2 protein chains.
Amino acid sequence: MPTIVVDVMPKAELLDPQGKAVSGALDRLGVADFTAVRIGKRFELTVEGDVTDEVLATARRIADEILSNAVIEDVVGIEVVE
Amino acid sequence: MPTIVVDVMPKAELLDPQGKAVSGALDRLGVADFTAVRIGKRFELTVEGDVTDEVLATARRIADEILSNAVIEDVVGIEVVE
């Protein structure tokens, strides 16, 4: 069954305390390869049947209106897999 | 600067109450295109310099050991962007 993947990340200009915590943990564990960590969400929407233009438009709409909070988050990707 | 994206999802055989809640909300709002919603995490690791094989191996290791909980989650993707 096809799946639409929606990626949502905290806006670049906002602090991301969860990411900062992981970044600090990596430092303490001696992992120095990564200068920053940001943590967002990945939604997998299962579609029964074909992914028509209409279904994709609906996915875009709910990504903006329901799955993300436009004040603090950006939808960074919508793609169809499988 | 290159970024390594790590995608982590709850294991398929586990309930995902967050996803179930969103799925129920979509039903109530009259959006019937999606039969299931699952919600995972997307990590963006910023790399200063080049993404060498070594850096990628470190990313794979921390994805398994630190960014995900192998009991309830799977690392479903690791890719370099930019």
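Remember, predicted model here, so these are calculated numbers, not experimental data. In what follows, chains are A, B, ... by sequence order, proteins preceding strands, each numbered from 1.
Here CZ of R38(B) is found 8.0 Å from CD of E44(A). Values are rounded to the nearest 0.5 Å.
Note on F43(A): it does not cluster hydrophobically with V75(B), by side-chain heavy-atom contacts below 4.5 Å among ILVMFWY residues. When the side chains of ILVMFWY residues are joined at heavy-atom separations under 4.5 Å, either directly or via intervening members, L67(A) and I4(A) end up in a single hydrophobic cluster. Using a 4.5 Å cut-off between side-chain heavy atoms of Ile, Leu, Val, Met, Phe, Trp and Tyr, with links allowed through other members, L45(A) and L14(B) fall into different hydrophobic clusters. Linking Ile, Leu, Val, Met, Phe, Trp and Tyr residues whenever their side-chain heavy atoms come within less than 4.5 Å leaves I72(A) and I39(A) in two separate clusters. A single hydrophobic cluster is not seen to contain both V81(A) and M1(A); linkage of ILVMFWY side chains at heavy-atom distances under 4.5 Å, directly or through other members, places them apart.
Note on T58(A), I66(A), V55(A), T35(A): by heavy-atom pairs under 4.5 Å with chain B, the leading option is T35(A). Residue with the most contacts toward chain A among V51(B), D7(B), T3(B), V47(B): D7(B) (heavy-atom pairs, distance under 4.5 Å). Contact tally against chain A (heavy-atom pairs below 4.5 Å) for V5(B), L26(B), V22(B): the top residue is L26(B).
Annotation: side chain of V31(A) is in contact with side chain of R61(B) (closest heavy-atom distance under 4.5 Å). Side chains of R42(A) and M9(B) form a contact here, defined as non-hydrogen atoms less than 4.5 Å apart. Using a 4.5 Å heavy-atom threshold, the side chains of D33(B) and E54(A) count as separate.
With a 4.5 angstrom heavy-atom cutoff, A59(A) touches chain B via backbone and side-chain atoms both. The part of V76(B) that comes within reach of chain A is its side chain, from C-beta onward, which places non-hydrogen atoms under 4.5 angstrom from that chain. Proximity to chain B is limited to the side chain of I62(A), based on heavy atoms less than 4.5 angstrom apart.
The environment of NZ in K20(A) is sparse: at most 12 heavy-atom neighbours from other residues, nucleotides or ligands sit within 6.0 Å.
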